[in-house]
Amino acid sequence: MEIRSLAQRHVDQQTEKSRVNVRSLNEECGIFGVWGRDDAAQITYYGLHALQHRGQEGAGIVSNNNGHLWQERGLGLLSDVFRDPARIEALTGKSAIGHVRYATAGSHGIENIQPLMVNFHDMQIALAHNGNLTNAKTLRQNLEQDGAIFQSSSDSEILLHLIRRSKAVAFVDKLKEALRTVHGGFAYLLLTSHGLYAALDPHAFRPFVIGQMAEGNYIVTSETAALDVIGARFVRDVQPGELIVIDDTGLTIDKYTDKTTLNIDAMEYIYFARPDSTIYGVNVHKARKRMGAALARENPVPDADIVVGVPNSSLSAAAGFAEETGLPNEMGLVKNQYIARTFIEPTQDKRERAVRMKLSAVKEVVRNKNVVLVDDSIVRGTTSMFIVRMLKEAGAKSVHVRIASPVFKFPSFYGIDMQTTDELMGANNTLEEMRDKIEADSLGFLSVGALVKAIDLPYDGQGTGLTTAYFDGQYPSPIYDYAASLEKFVTSGDVHFSPEPIDTYHPRQVASLRNEEMLADGTIHLDSQTIQGVQA
């Protein structure tokens with residue numbers, strides 16, 4: 001039995017390795033919460049559907065029905081999990097939180113699908129988390145040594161244990177203490193019988209926004225696109241270090257820490273967020289168009305005939321490149337929107353076939369043309385190589401790859417599924433070696449400075465307000481349990497970690513904060529009767 005177990009583990013490792021080789025970068029998840037609506041679960045379903053791009057391997061919703069929490073979750077797309085209408089119908093109640101996720105290595109079981117829910121003798125708590133904790137390993141080991149029993153391998157469960165072990169009396173104080181203990185990237189939603197709680201990490205790595213329905217109900221979710229789908233108006237971005245409390249009296253904005261900075265993950269603008277979403281006042285589509293235009297200025301292709309964007313996340317950048325150069329922006333690649341997610345065996349032939357199932361070249365468009373192929377990033381390079389081959393087989397005279405982001409050299413630890421330099425082509429190859437491996441006629445990347453300028457974040461504090469560590473090695477915080485993995489880069493001077501913040505971040509311009517009045521206890525309160533804090 002032990003021999004078989006070892007063999008099976010080897011198969012599992014190879015399966016995961018092959019899966020990694022064909023996928024692109026994965027965001028950990030998308031979250032959505034609503035309080036005070038009879039159709040809370042249905043609204044949550046619609047909101048999660050708008051966030052499906054943030055997670056396609058599992059989904060779940062927890063509703064609050066008169067103080068009792070009920071959970072429905074499963075593996076697969078949201079529409080698969082809730083294919084049976086009875087599952088949504090079972091989620092009666094006037095508040096709900098939901099979650100869509102990507103699984104990381106070794107965590108594909110149903111036990112890791114969120115929202116997680118726990119039943120204590122005196123209360124129930126459901127939790128949904130977007131991000132990654134950088135001190136999770138240490139915290140989990142300490143908790144287990146102290147007698148904690150975990151039901152999942154997800155770092156998200158740690159917060160529930162910390163809340164329960166707190167000696168504070170009030171729930172909100174227990175939660176604040178727990179939030180000050182965890183480090184890394186996190187946007188949390190917690191649902192209890194008496195309220196909905198939302199908290200963002202002290203750096204604001206992950207996007208998190210508040211909206212309000214016309215009837216007064218508040219929404220908290222990962223992207224503004226989810227607000228648009230359900231007809232909610234944008235109220236404000238959740239600020240770093242904030243704890244949002246929503247109950248029947250309205251919404252209260254509190255803080256669990258005043259030691260904060262602004263370090264929004266630049267990859268949200270480059271790749272993850274929907275183009276119709278707005279993050280801290282910057283529309284994602286417009287930012288990507290500016291990236292494409294800047295890319296054209298920094299890396300021109302003199303003899304180019306057409307610009308072709310890789311669907312779907314690179315289309316905005318391709319439009320910007322084409323406008324800047326005056327070249328035709330052609331649909332030279334078509335994406336199959338209905339491809340099933342299937343296991344790909346670890347052979348080059350089958351990995352290439354997987355790409356061809358997702359994309360196909362339009363021969364009549366690219367034949368005899370010098371093509372500028374615009375993509376948002378190169379991670380492992382495998383997909384880029386297959387696309388270049390596909391275009392040349394379709395008759396392209398030459399393919400010049402232009403990437404609307406800097407070279408991806410260092411891993412992410414704040415909520416993107418990329419935590420080792422081993423998989424990164426840019427970390428292990430020169431520009432010419434990368435060009436040769438993807439079989440392109442030329443290769444160019446956007447500079448870090450041009451990226452920051454293209455995003456154009458309305459920020460005048462220290463730094464840029466963005467996390468660009470994956471490109472320049474400047475991490476805005478310690479990475480704790482992961483520090484040893486980058487030790488050689490620290491020694492060489494390629495990587496630097498800033499300490500945790502000691503000051504308070506103050507936004508230069510957040511329109512929705514102008515009319516908010518600070519209460520005597522340091523909180524801000526908005527009632528649930530009218531839409532407040534929103535400028536028409």
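Numbering of residues begins at 1 and proceeds along the displayed sequence.
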Item to check | For Asp201, side-chain hydrogen bond (donor to acceptor under 3.5 Å, both in side chains) partners two or more places apart | outcome: none
Checklist entry - Would a distance-only check, ignoring hydrogens and angles, find a side-chain to backbone donor-acceptor pair under 3.5 Å from His203 to Gly185? => result no
Checklist entry - What class does the angle between the rings of Tyr482 and Phe413 fall in, given that below 30° is parallel, 30 to 60° is tilted and above 60° is perpendicular? => result tilted
Next on the checklist: Quick one, Ile61 with Phe32, criterion side-chain contact (heavy atoms from CB on, under 4.5 Å). Give me CA distance, side-chain angles, the key distance, then yes/no.
Outcome noted: CA-CA 9 Å; Ile61 297 175; Phe32 184 97; over 6 Å; no
Next on the checklist: Between Tyr280 and Leu262, is there a side-chain heavy-atom distance shorter than 4.5 Å?
Outcome noted: yes
Checklist entry - Does NE2 belonging to His49 count more than 12 external heavy atoms closer than 6.0 Å? => result no
Next on the checklist: Below 30° counts as parallel, above 60° as perpendicular, anything between as tilted: where do the rings of Tyr480 and His183 land?
Outcome noted: parallel
Checklist entry - Between Asp247 and Thr249, is a side-chain hydrogen bond (donor to acceptor under 3.5 Å, both in side chains) present by the stated rule, with each step listed? => result CA-CA 5 Å; Asp247 55 26; Thr249 70; 2.6 Å; yes
Checklist entry - Taking the side chain as C-beta and beyond, is there a heavy-atom pair between Phe208 and Ile244 under 4.5 Å? => result no
Next on the checklist: Checking Ser405 against Asp376 for the side-chain hydrogen bond (donor to acceptor under 3.5 Å, both in side chains) test, could you report, in this order, the C-alpha distance in whole Å, the side-chain angles of both residues, the deciding distance, and whether it holds?
Outcome noted: CA-CA 6 Å; Ser405 65; Asp376 50 68; over 6 Å; no
Next on the checklist: Surrounding CD of Gln141 (heavy atoms of other residues, nucleotides or ligands, distance under 6.0 Å), is the total greater than 12?
Outcome noted: yes
Next on the checklist: Tell me if a side-chain donor or acceptor on Asp254 pairs with a main-chain N or O of Leu243 at a distance below 3.5 Å.
Outcome noted: no
Checklist entry - What's the spacing between Leu91 CG and Glu72 CD if we round to 0.5 Å? => result 5.0 Å
Checklist entry - Does a side-chain heavy-atom distance below 4.5 Å link Val100 with Gln52? => result yes
Next on the checklist: Is a donor from one side chain sitting under 3.5 angstrom from an acceptor on the other, for Asp258 and Thr504?
Outcome noted: no
Checklist entry - Roughly how far apart are Arg288 CZ and Ser316 OG, rounded to 0.5 Å? => result 6.0 Å
Next on the checklist: The criterion is side-chain hydrogen bond (donor to acceptor under 3.5 Å, both in side chains); which residues satisfy it with Tyr414, sequence neighbours excluded?
Outcome noted: Ser477
Next on the checklist: Any side-chain to backbone donor/acceptor pair from Thr224 onto Leu227? Under 3.5 Å, distance only.
Outcome noted: no
Item to check | Least distance between heavy atoms, Tyr475 atom then Pro411 atom | outcome: OH-O, 2.6 Å
Checklist entry - Can you check whether Leu200's main-chain N or O pairs, donor with acceptor, with Tyr256's side chain at less than 3.5 Å? => result yes
Checklist entry - Passes side-chain contact (heavy atoms from CB on, under 4.5 Å), Val282 versus Arg290? Steps please. => result CA-CA 11 Å; Val282 178; Arg290 292 192 292 268; 3.8 Å; yes
Next on the checklist: Any side-chain to backbone donor/acceptor pair from Lys174 onto Ala168? Under 3.5 Å, distance only.
Outcome noted: yes
Item to check | Donor-acceptor under 3.5 Å (Asp155 side chain, Ala136 main chain) | outcome: no
Checklist entry - Going by heavy atoms in the side chains, are Tyr269 and Leu451 under 4.5 Å from each other? => result no
Checklist entry - Out of Leu251, Val209, Ile253, which residue meets the side-chain contact (heavy atoms from CB on, under 4.5 Å) rule with Arg236? => result Ile253
Item to check | Leu179 CG to Lys176 NZ distance, which is reported to the nearest 0.5 Å | outcome: 10.0 Å
Checklist entry - Side-chain donor-acceptor pair under 3.5 Å between Thr260 and Gln239, yes or no? => result no
Next on the checklist: Regarding Ser154 and Ser156, do their side chains bring together a donor and an acceptor under 3.5 Å, going by distance alone?
Outcome noted: yes
Next on the checklist: Tell me whether Asn66 at atom CG has more than 12 heavy atoms from other residues, nucleotides or ligands lying less than 6.0 Å away.
Outcome noted: no
Checklist entry - Is a salt bridge present between Arg206 and Glu268, judged by a nitrogen-to-oxygen distance below 4.0 Å? => result yes
Item to check | Non-hydrogen atoms of Gly74 and Ile110 that approach each other most closely | outcome: CA-CD1, 3.5 Å
Item to check | Main-chain N/O of Thr257 paired to Arg180 side chain as donor or acceptor, under 3.5 Å | outcome: no
Item to check | Close aromatic pair by centroid cut-off 6.0 Å: Tyr197 and Phe171 | outcome: yes
Item to check | Any Asn112 side-chain heavy atom under 4.5 Å of Arg101 side chain | outcome: yes
Item to check | Side-chain donor-acceptor pair present, Thr467, Asn263, cut-off under 3.5 Å | outcome: no
Checklist entry - What orientation do Phe408 and Tyr470 show, parallel under 30°, tilted 30 to 60°, or perpendicular over 60°? => result parallel
Item to check | Test item: Asp276 side-chain N/O and Ala225 main-chain N/O as donor-acceptor pair under 3.5 Å | outcome: no
Next on the checklist: Given 3.5 Å as the limit, does a donor-acceptor pair link the side chain of Gln212 with the main chain of Val235, or not?
Outcome noted: no
Checklist entry - Between Phe82 and Leu48, is a side-chain contact (heavy atoms from CB on, under 4.5 Å) present by the stated rule, with each step listed? => result CA-CA 12 Å; Phe82 292 97; Leu48 291 177; 5.7 Å; no
Checklist outcome for this item: Heavy atoms of Asn135 and Thr181 approach each other most closely as ND2-O, 3.1 Å
Checklist entry - Given Leu159 and Leu175, is the side-chain contact (heavy atoms from CB on, under 4.5 Å) satisfied, shown in steps? => result CA-CA 8 Å; Leu159 192 77; Leu175 177 54; 4.2 Å; yes
Item to check | Short side-chain to backbone donor-acceptor contact, Gln114 and His99, under 3.5 Å | outcome: no
Next on the checklist: Regarding Arg165 and Glu177, does a basic nitrogen lie under 4.0 Å from an acidic carboxylate oxygen?
Outcome noted: no
Checklist entry - Taking atom CZ of Arg73 and atom CE of Met117, what is their separation to the nearest 0.5 Å? => result 8.5 Å
Next on the checklist: Nearest 0.5 Å, please: how far is CD1 in Ile502 from OG1 in Thr261?
Outcome noted: 11.0 Å
Item to check | Closest heavy-atom pair and its distance - Gly93, Ala40 | outcome: O-CB, 3.7 Å
Item to check | Contact summary for Cys29 and Arg54, nearest pair of heavy atoms | outcome: O-NE, 3.2 Å
Item to check | Side chain proximity check, Trp70 to Asn65, heavy atoms < 4.5 angstrom | outcome: no
Checklist entry - Of all heavy-atom pairs between Pro275 and Asn283, which one has the smallest distance, and what is that distance? => result O-ND2, 3.3 Å
Checklist entry - At what distance, to the nearest 0.5 angstrom, does CG of Leu466 lie from CD1 of Ile455? => result 4.5 Å
Next on the checklist: Do Val448 and Gln474 make a side-chain contact, defined as non-hydrogen atoms from C-beta onward lying under 4.5 Å apart?
Outcome noted: no
Item to check | Pairing of Lys94 and Asp38 as salt bridge, 4.0 angstrom limit | outcome: yes
Next on the checklist: Taking the side chain as everything from C-beta on, heavy atoms only, tell me whether His53 gets closer than 4.5 Å to Glu223.
Outcome noted: yes
